[in-house]
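For reference, the structure discussed in these notes is given below.
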Amino acid sequence: MPTAGKTPHKRGRSEVWTRGPTARAIKRELRRIGQRLRELRLERGLTQEQAAEAIGVHPKHMIKMEQGGANFTIATLVAASVAYKVPLRELFPEEEEGT
């Protein structure tokens, strides 16, 4: 039981972001997915605002998603898949050799 005045330590997602190779891998994959979202948006001739509306996110979040600075939920990825009319797997680009 916690002592008065002390709060127990809670593990949160912020800890994942601060751990060596795992953090680097997460950031790299978020950038790759964000780039893929941008490619799909541009192929469809949409602005970030139009894409955000179609996906159901705030335009500022759309910018962060495409830059790889947002943590995607599965629901957001499914919404992007529906909005861009592609299978969900197409949001995950193949890793290039040598990376």
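The figures here come from the full heavy-atom set of this structure, side chains too, leaving out hydrogens, waters and symmetry mates.
- Residues satisfying the side chain to side chain donor-acceptor pair (under 3.5 Å) test with Gln35, not counting sequence neighbours, are none.
- If you chain together hydrophobic residues whose side chains sit under 4.5 Å apart, Val57 and Val78 fall into the same group.
- Of the inter-residue distances, the one linking Glu94 atom CD with Arg32 atom CZ reads 8.0 Å to the nearest 0.5 angstrom.
- Within the structure, every pair that satisfies the salt bridge (charged side-chain N to carboxylate O under 4.0 Å, His left out) test and touches residues 63-74, not counting sequence neighbours, is listed here: Arg41-Glu66.
- Arg38 contributes no side-chain N or O that, together with a main-chain N or O of Gly34, makes up a donor-acceptor pair within less than 3.5 Å.
- Between Ser81 and Pro87, the shortest heavy-atom contact is OG-C, 3.7 Å.
- The side chain to side chain donor-acceptor pair (under 3.5 Å) search around Glu90 returns none, not counting sequence neighbours.
- Here the CD atom belonging to Glu43 is positioned 5.5 Å from the CG atom belonging to Leu40, to the nearest 0.5 angstrom.
- Expressed to the nearest 0.5 Å, how far NE2 of His58 lies from CE of Met65 amounts to 13.5 Å.
- Looking at residues two or more places apart in sequence or on another chain, you find a side chain to side chain donor-acceptor pair (under 3.5 Å) between Thr76 and Thr73.
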TODO: Evaluate side-chain contact (heavy atoms from CB on, under 4.5 Å) for Asn71 paired with Ile26, printing each intermediate quantity in order.
DONE: CA-CA 9 Å; Asn71 194 4; Ile26 290 169; 5.9 Å; no
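- With hydrogens and angles ignored, the 3.5 Å screen pairs a side-chain donor or acceptor of Arg44 with a backbone N or O of Tyr84.
- Residue Leu37 holds its CG atom at 12.5 Å from CD of Gln67, rounded to the nearest 0.5 Å.
- By the salt bridge (Lys or Arg N to Asp or Glu O under 4.0 Å) test, Glu39 is found to be paired with Arg36, residues two or more places apart in sequence or in another chain being considered.
- By the criterion of side-chain heavy atoms lying less than 4.5 angstrom apart, applied directly or through intervening Ile, Leu, Val, Met, Phe, Trp or Tyr residues, Met62 is grouped together with Leu30 in one hydrophobic cluster.
- Partners of Glu53 under the side chain to side chain donor-acceptor pair (under 3.5 Å) rule, at least two apart in sequence or in another chain, do not exist in this structure.
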Task: Verdict with supporting geometry, Leu88 and Ile74, side-chain contact (heavy atoms from CB on, under 4.5 Å) - done: CA-CA 10 Å; Leu88 185 60; Ile74 298 297; 5.6 Å; no
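- Going from atom CD1 of Ile33 over to atom CG of Leu77 covers 6.0 Å, rounded to the nearest 0.5 Å.
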